[in-house]
Amino acid sequence: MADPRIRAPGPASKTDDTGAVKTRSIRGMNDLLPEVSATWRHVETIVRDVIESYGYHEIRLPILEYTEVFARAIGEVTDIVEKEMYTFRDRNDESLTMRPEATAGMVRAGITNGLFHNQRQKLWTLGPMFRYEKPQKGRYRQFHQFDVEAMGSQGPDIDAELIVMCARLWERLGLGRLTLQINTLGSPETRARYRDELVAYFSAVKNQLDEDSIRRLGKNPLRILDSKNPEMQALIADAPVMTDYLDEASAAHFDGLQSLLNAAGVPFEVNPRLVRGLDYYNLTVFEWITDALGSQGAVCAGGRYDGLVEKLGGRSTPAIGWAMGVERLIGLYEACGGSPGTTAADVYIVAAGDAAFAAGMSVAEQIRDADAGIRVELNLGGGSFKSQLKRADKSGAEFAVILGEDEVARGEAGLKPLRSGGEQQRVSLDKLTESLAAMLANKH
């Protein structure tokens, strides 16, 4: 069932019954209404706090890149590049693409700004990504991702840290029903040997391959292992396994990662068919998957891409990262009973009469000036005490501050609990912020 808080486009017709043109949104690019945005903000704040507690620093990237950045990084024989990118030519006839993922842009930014030479970088970003694919729950044409990347470190220790960071995220968010799957794609030499074995295996059963697999066989046979076609799964299950072809260094790296995860108490499964959908990965790959979101089971995924910086024109730089879809994270958060965020003010100021309203504006700014984190909404548009109190109650605020001519003359305000059913009390205006802060602290 669609989430009614996420407003998808209406009917395809561009006109209403009167013939007037209607404004439409784009399919798969949704509006997040205030109650949804509040939950997103709550979850995003927790994710940011955890990421930065590991020493990662935010970088903000442009939405548009030259198309070649993604074609070279992701790989031309991928569904993303072949079918899903939003690509167009600008007025200078340059081919530009709206980013379908963040890693390539992150690497481009590092090369452009000289961040990688003789340096280690721990970076993160958050923002919208764009892919033209069939919209479905948890999978949209505009979607949002957290992206965390570490450049300049070679050992399995940084791989383990990024995975442990995810485990801490799940704990902070109160998430369950998540399983960690890991695999290794080995070194370029390992992949070359393994590629030859896959080509030989799948060529022998070519008449049983689907159209996509036949197309990939000559260019990137590892992508066949990533096929979601149910009719291909038996063939894939019998295919050669990468771990049987690892060189000594790749095997040692993978063993080291497993030892570190065991020491950290992070359970995992080795999935030899896990290859990830992008061409730039090597050595460690991993996915956190859930059974709580139907077919869209991957919540967070990533791996090593030690050759990507050099491929895009920089110096050879080891690197690893992960991406987390915010839509799926929010879906899992809600499925696990996470508390929603709130857009409600803490305090609603009711003020009847011109003098009281002027005093109310002053009181509202005094509360905000105190920097106590109290959210204040002032009644606008006038109205009787009764109608204003109805608005206060509807706003979701915990308390109403009531100001009339008598209260203003005495330098007082009425303080009325709106949720607990307690008695209204008088508070002097110079003690109001202090009283509100104390009462709100008791609520939380």
Side-chain angles (χ1 to χ4, degrees), residues 1-13 24-33 35-37 39-40 43-44 47 63 70 74 78-87 97-103 126-147 170 173 175-179 181 210-213 215-216 223-233 236 271 273-278 287-302 322-338 340:
M1 182 179 295
D3 190 332
R5 303 164 305 168
I6 300 178
R7 290 292 175 86
S13 174
R24 299 181 301 154
S25 58
I26 301 170
R27 187 178 182 219
M29 298 187 180
N30 302 319
D31 304 311
L32 300 179
L33 300 184
E35 58 268 33
V36 178
S37 294
T39 300
W40 278 50
V43 170
E44 288 169 355
V47 176
I63 287 173
F70 301 113
I74 297 171
T78 60
D79 287 345
I80 294 174
V81 172
E82 290 181 333
K83 304 176 183 179
E84 298 173 0
M85 295 201 313
Y86 282 88
T87 297
T97 294
M98 297 170 72
R99 60 188 185 194
E101 56 95 49
T103 301
L126 167 64
M129 312 294 159
F130 303 85
R131 296 185 190 180
Y132 189 88
E133 53 187 345
K134 182 180 178 181
Q136 52 188 296
K137 185 177 181 180
R139 195 178 189 95
Y140 305 108
R141 291 178 177 174
Q142 176 177 308
F143 58 99
H144 300 77
Q145 281 186 345
F146 274 100
D147 193 80
W170 314 145
L173 290 167
L175 303 184
R177 300 175 68 177
L178 279 156
T179 301
Q181 295 187 348
D210 61 16
E211 183 178 341
D212 276 346
S213 298
R215 179 171 51 84
R216 291 166 175 167
R223 291 294 321 289
I224 299 176
L225 302 178
D226 202 35
S227 172
K228 301 300 186 291
N229 184 350
E231 297 178 1
M232 288 290 300
Q233 298 312 303
I236 292 171
N271 177 2
R273 303 303 180 196
L274 178 61
V275 296
R276 304 290 299 122
L278 307 181
E287 285 189 353
W288 289 91
I289 60 174
T290 180
D291 62 358
L293 300 177
S295 62
Q296 303 304 323
V299 177
C300 176
W322 56 250
M324 181 188 302
V326 181
E327 283 84 353
R328 295 187 195 177
L329 179 64
I330 296 295
L332 182 58
Y333 178 76
E334 293 180 336
C336 292

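Counting heavy atoms of neighbouring residues, nucleotides and ligands inside a 6.0 Å radius, atom OH of Tyr132 does not exceed 12 of them.
Put simply, the side chain of Val326 reaches to within 4.5 Å of the side chain of Phe146, judged on heavy atoms. Residues Met232 and Ser213 are in side-chain contact: their nearest non-hydrogen atoms beyond the backbone lie under 4.5 Å apart. Contact annotation: the side chain of Glu101 approaches that of Ile74 to within less than 4.5 Å [non-hydrogen atoms, C-beta and beyond]. Inter-residue side-chain proximity for Val43 and Leu329 is flagged as met; some heavy-atom pair is nearer than 4.5 Å. Put simply, the side chain of Arg27 reaches to within 4.5 Å of the side chain of Pro135, judged on heavy atoms. Asp210 is not listed as a side-chain neighbour of Glu231, based on a closest heavy-atom distance of 4.5 Å or more.
Arg139 is linked by a side chain to side chain contact (heavy atoms under 4.5 Å, CB included) to Glu133, Gln136, Gln296, Arg328, counting only residues two or more places apart in sequence or in another chain. Applying the side chain to side chain contact (heavy atoms under 4.5 Å, CB included) criterion to Gln142, with sequence neighbours excluded, gives Met29, Pro128, Phe130, His144.
Looking at Asp31, its side chain never comes within 3.5 Å of a backbone N or O of Leu33 through a donor-acceptor pair.
Once rounded to the nearest 0.5 Å, the distance linking OG of Ser37 with CD of Glu44 reads 9.0 Å. One finds the CG atom of Leu32 at 7.0 Å from the CD atom of Glu327 (value rounded to the nearest 0.5 Å). Expressed to the nearest 0.5 Å, how far CZ of Arg131 lies from CE of Met98 amounts to 13.5 Å. Summarising the geometry, atom CZ belonging to Arg223 is positioned 8.0 Å from atom CZ belonging to Arg215; distances are rounded to the nearest 0.5 Å. A distance of 7.0 Å separates OG1 of Thr39 from OH of Tyr333, quoted to the nearest 0.5 Å. Summarising the geometry, atom CZ belonging to Arg141 is positioned 9.5 Å from atom CD1 belonging to Ile26; distances are rounded to the nearest 0.5 Å.
Aromatic pair Trp288/Trp170: ring centres closer than 6.0 Å.
Shortest non-hydrogen contact noted between Cys336 and Gly176 is SG-N, 3.6 Å. Residues Gln233 and Ser227 approach most closely at NE2-O, 3.0 Å, considering heavy atoms. Shortest non-hydrogen contact noted between Phe143 and Pro100 is CZ-O, 3.6 Å.
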Can Leu332 and Leu178 be said to form a side chain to side chain contact (heavy atoms under 4.5 Å, CB included), step by step? CA-CA 9 Å; Leu332 182 58; Leu178 279 156; 3.7 Å; yes

From CA spacing to verdict: side chain to side chain contact (heavy atoms under 4.5 Å, CB included), Asn229, Asp212: CA-CA 10 Å; Asn229 184 350; Asp212 276 346; over 6 Å; no

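The side-chain contact (heavy atoms from CB on, under 4.5 Å) test with Leu293 singles out one residue from Ile289, Asp291, Thr290, and that residue is Thr290.
Look at Arg99 and Asp147 and you find no salt bridge, because none of the NZ, NE, NH1 or NH2 atoms lies under 4.0 Å from a carboxylate O.
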